[in-house]
Amino acid sequence: MIIPVRTKDSTYEVYLGENILKAFCDRNTEGFEKADKIVVITDENVWGLHRDYFDDNFSFNYQVHLVPNGEACKTFDSYFNVQTFLLQENCSRNSILLALGGGAVGDLTGFVASTFMRGIPFIQIPTTILAHDSAVGGKTAINHPNGKNMIGAFYQPKEVLYDFHFLNTLPKSEVRSGLAEVIKHALISDITWSNDFLKLESIDAIQKEELLVWLEKGIRVKARIVELDEKEKSYRKYLNFGHTYGHAIEATIGYGKITHGEAVMIGMIPALMLSEIYGEVKAGYARDVYKLAKKLEYNFQHVLNSPFDQLATFMLKDKKTTNGELHFALLNHIGDPFIQIVTMDEVKKCDDLLRKWIKEEI
Ligand code: NAD
Ligand code: ZN
């Protein structure tokens, strides 16, 4: 299956399905044959698990550069090491990078590709559920000690290959993390799909076929929004639903100590509470989604471990905050997002209510 993404500067395709690496090679023979080097950037976990599958199905010569697992690869050091590797291997403007991994490898590789010799092509090969989101849209970045994703570029991949084969080895915690972005895509686009989620009893109850349909839908939502607004001047801000409070939780708890998706799931609850206040989302929906999140075993203890003052400090530092005004992506109705300026007092009230819910159930 193919989902096109048409941005102002480029058009590319997300090619998705199960066990499609070989077919992907056939489809791209010309491009790969023209490249003077093909370099796979991947992390140790992913390479350990999928080296054989990759070797058996990827039909061209390639080199591999391994980076640390997860968020640890989005450092200046690791960025520098990849660039050094590319120079040592005599890569040129005719080389292609393949980002084989989760969002972290994708973000790093995309940023390297955007700057190596002022820009070389790269292909995203996402291996996590979360990366159905991060691999599409062209946001690339590494972290600075003063802030996550602070150094980066908008740089679209040449193509995205989403081979569901890779998802088979994901631990449950990563399934849970990725699922939060899928639920976000449902909430900002489609009430029927969102309501379907409310019926879900547990992570284990998710059927693979069902998950694949959700991933396809999620990619379509993301692609449509990126097409409307590649550089996040308007519509793309809707994708930040759950992220203002979620990022603050992530920063307070510490990157790596909580997954991105878990933080986003937590952040969607205050965002839904605010949507009941500022939008016309029916009263009780935030509570319903909270109950769903509990059934799926998202850990809300993180909220109790995050003093509100600290959350407030991070929310004020958010890239989306301007002149001290908090710009929240909210929902007018489920499936119908908008941007609302919200006071910190109002956020505090939602935070208080969420803490009350969490404490009641302990
Ligand atoms: P990740 O890339 O850190 O991967 C999570 C863990 O799963 C890692 O330890 C990795 O080694 C392992 N892993 C990856 N694929 C696996 C597989 N198939 N089987 C077993 N283990 C596997 O995490 P992620 O959740 O995919 O991505 C998070 C990153 O994405 C963050 O850095 C976040 O900032 C970024 N992000 C970017 C965007 C964007 O638009 N660019 C959007 C959302 C998130
Ligand atoms: Zn996110």
Side-chain angles (χ1 to χ4, degrees), residues 5 41-51 53-54 66-75 78 99-111 114 122 124-144 147-157 160 162-185 188 218-219 222-223 225-226 230-232 236-247 249-251 255-268 271 319-320 329:
V5 187
I41 313 291
T42 185
D43 74 21
E44 290 157 10
N45 270 341
V46 175
W47 198 237
L49 291 163
H50 295 289
R51 179 187 187 144
Y53 175 73
F54 193 86
L66 290 184
V67 297
N69 295 326
E71 204 61 28
C73 77
K74 286 174 65 174
T75 60
S78 147
L100 175 68
V105 165
D107 280 8
L108 166 75
T109 308
F111 186 50
S114 76
F122 84 114
Q124 290 272 19
I125 311 184
T127 62
T128 62
I129 291 176
L130 187 130
H132 88 281
D133 177 7
S134 60
V136 178
K139 272 195 189 180
T140 74
I142 57 171
N143 302 328
H144 187 282
K148 188 171 145 70
N149 293 333
M150 284 298 162
I151 315 296
F154 285 100
Y155 192 67
Q156 301 293 340
V160 181
Y162 201 11
D163 185 341
F164 300 141
H165 173 89
F166 295 113
L167 304 181
N168 292 330
T169 54
L170 278 180
K172 200 161 152 185
S173 56
E174 296 301 334
V175 174
R176 186 176 295 114
S177 176
L179 197 64
E181 297 279 12
V182 183
I183 295 174
K184 178 196 79 178
H185 283 140
I188 65 172
I219 291 171
K222 175 93 188 237
I225 291 181
V226 169
E230 182 182 358
K231 302 270 166 77
E232 198 165 317
R236 192 160 179 166
K237 295 192 172 128
Y238 300 159
L239 296 169
N240 296 322
F241 183 69
H243 282 60
T244 307
Y245 188 94
H247 275 152
I249 291 278
E250 206 177 353
Y255 299 107
K257 298 206 181 99
I258 175 171
T259 58
H260 176 70
E262 188 138 54
V264 169
M265 187 70 231
I266 292 171
M268 287 196 286
K319 285 206 264 311
K320 270 74 75 178

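Just so you know, ligand 1 is whichever comes first in the structure, and atom 1 is the first atom listed for that ligand.
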Fill in the blank from the handout: The salt bridge (charged side-chain N to carboxylate O under 4.0 Å, His left out) partners of Lys74 (sequence neighbours excluded) come to Glu71, Asp107

Handout entry: Sidechain-backbone polar pair: Arg236 side chain, Glu230 backbone, donor-acceptor under 3.5 Å
Key = yes

Exercise for the section: Using a strict 4.0 Å threshold on nitrogen-to-oxygen distance, state whether Lys257 and Glu250 make a salt bridge. Expected result: no

Practice task
Report the C-alpha separation of Phe166 and Phe164 in whole Å, then their side-chain angles, then the decisive distance to 0.1 Å, and conclude whether the ring pair (Phe, Tyr, Trp, His ring centres under 6.0 Å) test is met.
Solution key: CA-CA 5 Å; Phe166 295 113; Phe164 300 141; over 10 Å; no

Problem - Atom pair OG1 (Thr140) and CD1 (Ile151), whose distance is rounded to the nearest 0.5 Å - result: 11.0 Å

I'd like the atom pairs linking ligand 1 to the protein - N or O on both sides, separation under 3.5 Å - with distances to 0.1 Å.
residue  : atom   : partner : partner atom : Å
ligand 1 : 2 (O)  : Gly103  : N            : 3.1
ligand 1 : 2 (O)  : Ala104  : N            : 2.9
ligand 1 : 9 (O)  : Asn45   : ND2          : 3.2
ligand 1 : 11 (O) : Asp43   : OD1          : 3.2
ligand 1 : 11 (O) : Asp43   : OD2          : 2.7
ligand 1 : 11 (O) : Asn45   : ND2          : 2.9
ligand 1 : 15 (N) : Thr127  : OG1          : 2.8
ligand 1 : 18 (N) : Thr127  : O            : 3.0
ligand 1 : 18 (N) : Phe166  : O            : 2.8
ligand 1 : 18 (N) : Thr169  : OG1          : 3.3
ligand 1 : 19 (N) : Thr169  : O            : 3.4
ligand 1 : 19 (N) : Thr169  : OG1          : 2.7
ligand 1 : 26 (O) : Gly103  : N            : 2.8
ligand 1 : 26 (O) : Thr128  : OG1          : 2.6
ligand 1 : 27 (O) : Gly103  : N            : 3.1
ligand 1 : 32 (O) : Glu71   : OE1          : 2.7
ligand 1 : 32 (O) : Glu71   : OE2          : 3.4
ligand 1 : 32 (O) : Lys74   : NZ           : 2.8
ligand 1 : 32 (O) : Lys148  : NZ           : 3.3
ligand 1 : 34 (O) : Lys74   : NZ           : 3.1
ligand 1 : 34 (O) : Lys148  : NZ           : 2.7
ligand 1 : 34 (O) : Asn149  : ND2          : 3.3
ligand 1 : 41 (N) : Asp107  : OD1          : 3.0
ligand 1 : 41 (N) : Lys139  : O            : 2.9

Practice task
Without swapping roles, check the side chain of His243 against the backbone of Phe241 for a donor-acceptor pair under 3.5 Å.
Solution key: yes

Problem - Within-2.8 Å protein N/O/S contacts of the Zn ion (ligand 2) - result: Glu181 OE2, His243 NE2, His260 NE2

Exercise for the section: Could you tell me whether the side chain of His132 and the main chain of Ile129 form a donor-acceptor pair under 3.5 Å? Expected result: yes

Completion exercise
In Ile125, Leu167, Val136, the residue satisfying side chain to side chain contact (heavy atoms under 4.5 Å, CB included) with Tyr162 is Leu167

Practice task
Applying side-chain contact (heavy atoms from CB on, under 4.5 Å), name anything that partners Lys172, two or more places apart in sequence or on another chain.
Solution key: Arg176, Ile203, Asp204, Glu297

